[in-house]
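Excluded from the calculations below are hydrogen atoms, water molecules and symmetry mates; all remaining heavy atoms, backbone and side chain alike, are included. Bear in mind the structure is a predicted one, so any value in this text is a computation, not a measurement.
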Amino acid sequence: MILGALDQFQDGLRFLFESRDSVAGGVQVGGSELLPLLGEHMKVTLYGTVLATLLAVPLAIFLAHTGRGAFAASSVANVGRAVPSIAVVLFFSAYLGFGVTNLVFGLTLLAIPPIFTNTFVGIRQVDTDVVDAARGQGLSGLQIVTKVELPLSLPLIFGGIRTSFVNVVATATLGPLVGVVTLGDPILSPGVYGAAGQLGTAILIAVIAVAGELVFAGIQRAATPKGIRRSDPGRARRLGRRAQLRASSV
Amino acid sequence: MSFLLAQIELRDRTGGTDSCVLENGFCPTWIRENLSEYVEPTQRHLELVVSSVALGFAIAFLLALLAHRRRFLVGPITGATGVLYTIPSLALFALLLPITGFGFLPALLALSGYNLLVIFRNVMAGLDNVPAEAKDAALGMGLTENQVLRRVELPLAIPEIVAGLRIATTTTVGLAALAFIAGAGGLGGQILTDPNFKSNIVVAGGLCVVMAILLDLLLVVAERVASPWKRATA
């Protein structure tokens, strides 16, 4: 049984590198035929993540800076987690019709809560002493936001974008349900692509998600201002964990 | 156009003469008449959520106790569960199929896997936040390490542990909607019986949200019951 599973995984990997006939024949699938699917997948993922960032970050900064909306933020984050991605994606396509725009719309909505919550928590957790010191030095409200609060919360903001990116890569696999042929097609239609197609594409998507996570982790580290990059790694880890915990429990 | 849509056998919408249903609107009448269709998928969904949160909690809790005593394990466990957490659910279900075959098992394994990181991290944080004075006092009164763990550390870690369970539960309700790919049914499978009918999407998606809110409330109540000393001060 183990050997059988290994064979299947091997065949799945082969599907990624060599094209073959579809199950019913007549159409080539796999290998280079996957490139358009990959392109479509990355396109909707990038649109969704970028749009969500542009919408969520300014709003969260405004609300956190003025100290309003903490309750709304926590409710959105909590309920948002439970709404099934498949329902969101299908809901908008049922109302607005099939196509890339409406898929991106759904993906954007799903990507907003993690970015919003992390930005909100990031701004709120900036030490009030630091903000007071900045105000005492004569910085205006806008300057406090751009020169103090924003840089100090960049690590958490990028943490939110990282979470959303991975979520959106995952959710974009539902694209074929609304007429956008992403990498989800071989997973959702093993009857056409075969079991090897389903498995191989699943491996590919897992690799993309993990790679994205690593890239964003690198960006997150690079974006951390030197002043809060602790020389003592133990302390940094504890602080990071506490901030993360607060972000996830909001 | 996707290949999939052609394959799904669309169920005839009962009450097909109703103009609202024909025009694919949001139809309260249709929903009232067809609500019984959703009972079985909802039960199935609930089974998936409860069993996978329970299994995920059991494993993560044991891992946390282990790492609590042997600190060098914290990094590797966080890393491994983190990678698991990153793999998209639809892909993970598909990856498990060659090993487990179709059905409840791959869904259970994948969904429990997603809970490990959150619960592990929160149990560890709860144990780490216990004041050293409390532990010292307990040791001074002659309690053994194990007694300190059971009578002092774990009770004081309850808020963080429950916070982790709440996140894990609401997340799993959402993720379980994709378990159809593993052949495990649930409300996601119900959505796909008629994936473009607005009423169907709203009812099935709404049931997920209601389920998440109810389970969340249940956990909040459980936390209060499990920590009576908090109620006394409140």
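Across B:T169, B:T171, B:V83, the residue that shares the most heavy-atom pairs under 4.5 angstrom with chain A is B:T171.
Taking CD1 from A:I187 and CG from B:L90, the interatomic distance works out to 5.0 Å, rounded to the nearest 0.5 Å. Here CD1 of A:I86 is found 12.0 Å from CG of B:L175. Values are rounded to the nearest 0.5 Å. Between the CG atom of B:N200 and the CG atom of A:L90 there is a distance of 9.0 Å, given to the nearest 0.5 Å. The CD1 atom of B:I87 lies 10.5 Å from the CD1 atom of A:I203; values are rounded to the nearest 0.5 Å. Distance check: A:Q198 CD to B:F93 CZ gives 12.0 Å after rounding to the nearest 0.5 Å. Considering CZ of A:F92 and CD1 of B:I201, their distance stands at 10.5 Å, rounded to 0.5 Å.
With a 4.5 Å cut-off on non-hydrogen atoms, B:F180 touches chain A through its side chain but not through its backbone. Proximity to chain A (any heavy atom under 4.5 Å) is shown, for B:A94, by both the backbone and the side chain. Residue contact with chain A, scored on non-hydrogen atoms closer than 4.5 Å, is absent for B:V118. With a 4.5 Å cut-off on non-hydrogen atoms, A:T173 touches chain B through its backbone and its side chain both. In this structure, chain A has a heavy atom under 4.5 Å from the side chain of B:L97, while its backbone stays farther away.
When side chains are defined from C-beta on, B:L95 counts as touching A:L199, because their heavy atoms get closer than 4.5 Å. Using a 4.5 Å cut-off on side-chain heavy atoms (C-beta onward), B:Y85 and A:T163 make no contact. Side-chain contact check for B:L178 versus A:P84: every heavy-atom pair is 4.5 Å or farther apart.
The two atoms that bring A:A209 and B:P88 nearest to each other are CB-CD, 3.5 Å, heavy atoms only.
Both cation-pi conditions hold for B:K198 and A:Y95: the charged atom is under 6.0 angstrom from the six-membered ring centre and inside a 45 degree cone around its axis.
With a 6.0 Å radius and a threshold of 12 heavy atoms from other residues, nucleotides or ligands, B:R70 has its CZ atom at or below the threshold.
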